[in-house]
Amino acid sequence: MFSYICLFLSAILFLSKDNILRLENRIYSLIMTAALFAYSILGFISLILIYLNNSRYPIIVLSVFIFLFTIYFDKNSLRKYLKIKKFLLFECNNFINNFKISNQKISIIIIIILTILVTISSIGPINHPDSLDYHVGYPYQYWLKGEFFIDGGLHQALMGIGDYANLSFIQEKTIWLIRTLQIINLPIIVFFLYSKLKNKTLILIFLTSPVFIQWATVGKPLFLVESACAVNFIIWQENKDSFSRKLLLVSLLASISVKISAIIICLPIIIELIRDLVTTNQKNTFQNDLKNLVFCKYIFLNLFILFSILLSRQIIAGNFAFPLFTELFNKDNNLLINFAKDLSSYQRDGLFPVNIFFPISLSDLSSSLGPAILIIIIISIYINIKNKNFIRNPIFNIGVTQVILLILFCQGRGDYYVCPLIIFTYLSREINKNLLKPVFIFFKNSLNLTIIVQSFLIFIFLFFSIFQSIHSIFDYENAMKNISYGYELSLPIN
């Protein structure tokens, strides 16, 4: 975690410019992008060390050097940090002041408690099978052997740049914070939504989603990645300036570097970026904007990082896009083809896609979004169709497109729906006044009821998760034997 903090502080300086820190929304975008950008840089450094057969070289040394180097060449570094600190303190004061005069105190208290509990629950050992197998398992083996190797394992080529970043946590003996890193931007997102939604209860649509248990406790690179894309896309739509566009593009490239499945949620946004560039600019302006994007140093660096992880997949599996296009690039390897098919069809049987929103079984509870967000999606679709708002509402269009693409091409799990969950929670502010109309009374009552039920469930899950971590501190052996998946596998890592 120490290496990541150094790189995050460096990313703030690297991505920022004095003239853009005047608008509050852009500071949100800057922090979100820096959190993801630092993650991909950390993974890139780890990847290089592993391929140089030098995985035991302390990454913290390189991270501190980058931080000092960045500060040395940015004479305004302290002023930038102070400006961001001032902005965050201002947002905290607004939060407190609004609480004093608000008639929604119960909702605000629940929001605060949930944010704290989700963060606390994220601190703990790695005990999920996928994380043990390759998200953390392979970086641990690279560290153990001190060199790169190919063992023929089916999961090795699935590693994204974020998985390689786990090498630094292994070196620094902070493995229990790998899970925390995945939701480290949650307080920023809560502040952002709090500033956008007049009805604060609507934030609970987002925070009470049962899938938060997955995002906070399994150690997979899911939430940090796509949440940055969602917030940055919303901010770009609000501002439509070149800097917000650059940060959004950085987030998209970094997301694909971390997880190849992010293409599904990134593609609609990329198409919207291209459409906006082509249709809203004059010829000279279009050429200048395109030139600024192509020659932007941090976009170029992210393209290089993306190329490096694609090259890594090519070396390991003979397919730069693995597990995609296996029938084309791995046509002589039936084992890889069948493995890719099994991955893409996971949990897409039975009552899919109903299980995305409604847990069909007890085991589905922590991988479903909950019915509250489905109610918002249904009302949003109805209102936009009725008012013929599709053309004028690109945020809605992107949210719907992402949900459709995820249902068509992704696994049948709710933890891939981070981006549309944030987008439709944000869009709930547009339908809030409609909930008062008689035609929507049923939906309003249903929404309130589902939020109450989801709150009850998420509190139970969070307390159980926190108890698990506390139990692991005092009686690690028995705790892991009783409530951990694959304890025998996790023993050498944790």
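- Within a 6.0 Å radius of CZ in F95, other residues, nucleotides and ligands contribute more than 12 heavy atoms.
- Side-chain contact check for T425 versus L197: some heavy-atom pair is nearer than 4.5 Å.
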Given the rule in the side chain to side chain contact (heavy atoms under 4.5 Å, CB included) test, do L374 and L369 qualify, once you have shown the distances and angles that lead to the verdict?
-> CA-CA 8 Å; L374 178 61; L369 294 173; over 6 Å; no
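- Looking only at distances, a side-chain donor or acceptor of Q104 sits under 3.5 Å from a matching main-chain atom of K200.
- Panel note: side chain R313, backbone N319; no donor-acceptor pair is recorded below 3.5 Å.
- With a 4.5 Å cut-off on side-chain heavy atoms, L447 and L202 count as touching.
- Note that the OG atom of S107 and the CG atom of L207 stand 11.0 Å from one another [nearest 0.5 Å].
- Within a 6.0 Å radius of CD1 in I106, no more than 12 heavy atoms belonging to other residues, nucleotides or ligands are found.
- S368 contributes no side-chain N or O that, together with a main-chain N or O of N355, makes up a donor-acceptor pair within less than 3.5 Å.
- Using a 4.5 Å heavy-atom threshold, the side chains of I175 and N166 count as separate.
- Across I356 and G414, no two heavy atoms sit closer than the pair CD1-N, 4.0 Å.
- A distance-only check finds no donor-acceptor pair linking the side chain of T450 to the backbone of P371 [under 3.5 Å].
- Not one N or O on the side chain of Y138 forms a donor-acceptor pair closer than 3.5 Å with the backbone of Y164.
- Two rings, from F87 and Y28, have their centers less than 6.0 Å apart.
- By the 30° and 60° cut-offs, the orientation of the rings of F212 relative to W215 is perpendicular.
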What do the steps show when you test K259 against E226 for side chain to side chain contact (heavy atoms under 4.5 Å, CB included), and what is the final call?
-> CA-CA 10 Å; K259 51 194 289 280; E226 296 184 3; 2.6 Å; yes
Kindly determine whether Y426 and F206 satisfy ring pair (Phe, Tyr, Trp, His ring centres under 6.0 Å), including the steps that lead there.
-> CA-CA 9 Å; Y426 169 82; F206 167 67; over 10 Å; no
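- Between I423 and Q402 the shortest side-chain heavy-atom distance falls below 4.5 Å.
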Can you list the steps and then say if Y134 with Q141 is a side-chain hydrogen bond (donor to acceptor under 3.5 Å, both in side chains)?
-> CA-CA 10 Å; Y134 69 98; Q141 292 183 61; over 6 Å; no
Check the pair D415, F223 against side chain to side chain contact (heavy atoms under 4.5 Å, CB included), reporting the backbone distance first and the verdict last.
-> CA-CA 8 Å; D415 49 6; F223 186 81; over 6 Å; no
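- Of the candidates P268, P420, C419, P268 is the only one forming a side-chain contact (heavy atoms from CB on, under 4.5 Å) with I398.
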Would you sort out whether I373 and S209 count as a side chain to side chain contact (heavy atoms under 4.5 Å, CB included), showing the intermediate values?
-> CA-CA 8 Å; I373 192 64; S209 180; over 6 Å; no
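- Of the possible polar contacts, one joining the S469 side chain to the I123 backbone as a donor-acceptor pair under 3.5 Å is found.
- Applying the ring-ring contact (aromatic ring centres under 6.0 Å, His included) test to pairs two or more places apart or on separate chains, those with a residue in residues 338-360 are H155-F339.
- The closest side-chain donor-acceptor pair between Y39 and Q182 falls under 3.5 angstrom.
- Around NZ of K86, the count of heavy atoms belonging to other residues, nucleotides or ligands within 6.0 Å does not exceed 12.
- Taken from CG in L88 to CD1 in I31, the straight-line distance is 4.5 Å, to the nearest 0.5 Å.
- Side-chain contact check for I265 versus L405: every heavy-atom pair is 4.5 Å or farther apart.
- In this structure, the side chains of L273 and W236 come closer than 4.5 Å at one or more pairs of heavy atoms.
- Counting only heavy atoms from C-beta outward, the side chains of R179 and S121 never approach each other to under 4.5 Å.
- At least one donor-acceptor pair under 3.5 Å links the side chain of D241 to the backbone N or O of S244.
- T33 and N232 share a donor-acceptor pair across their side chains, judged by distance under 3.5 Å alone.
- Minimum interatomic distance between T326 and P323 (heavy atoms only, all atoms of both residues): CG2-O, 3.5 Å.
- With sequence neighbours left out, the salt bridge (Lys or Arg N to Asp or Glu O under 4.0 Å) criterion links E172 to no other residue.
- A donor-acceptor distance shorter than 3.5 angstrom exists from the side chain of D163 to the backbone of G160, with no hydrogens or angles considered.
- How far CZ of F409 is from CG of L267: 10.0 Å, rounded to the nearest 0.5 Å.
- Nearest heavy atom pair, residue F320 against residue L310, reads O-CD2, 3.2 Å.
- The backbone N or O of L462 lies less than 3.5 Å from no partner atom in the side chain of S465, so there is not a single donor-acceptor pair.
- Side chain of D276 to backbone of E272: no donor-acceptor contact under 3.5 angstrom is found.
- Aromatic ring orientation, F396 versus F424: perpendicular (interplanar angle above 60°, classes split at 30° and 60°).
- Taking the side chain as every heavy atom from C-beta outward, L177 and Y4 never approach each other to under 4.5 Å.
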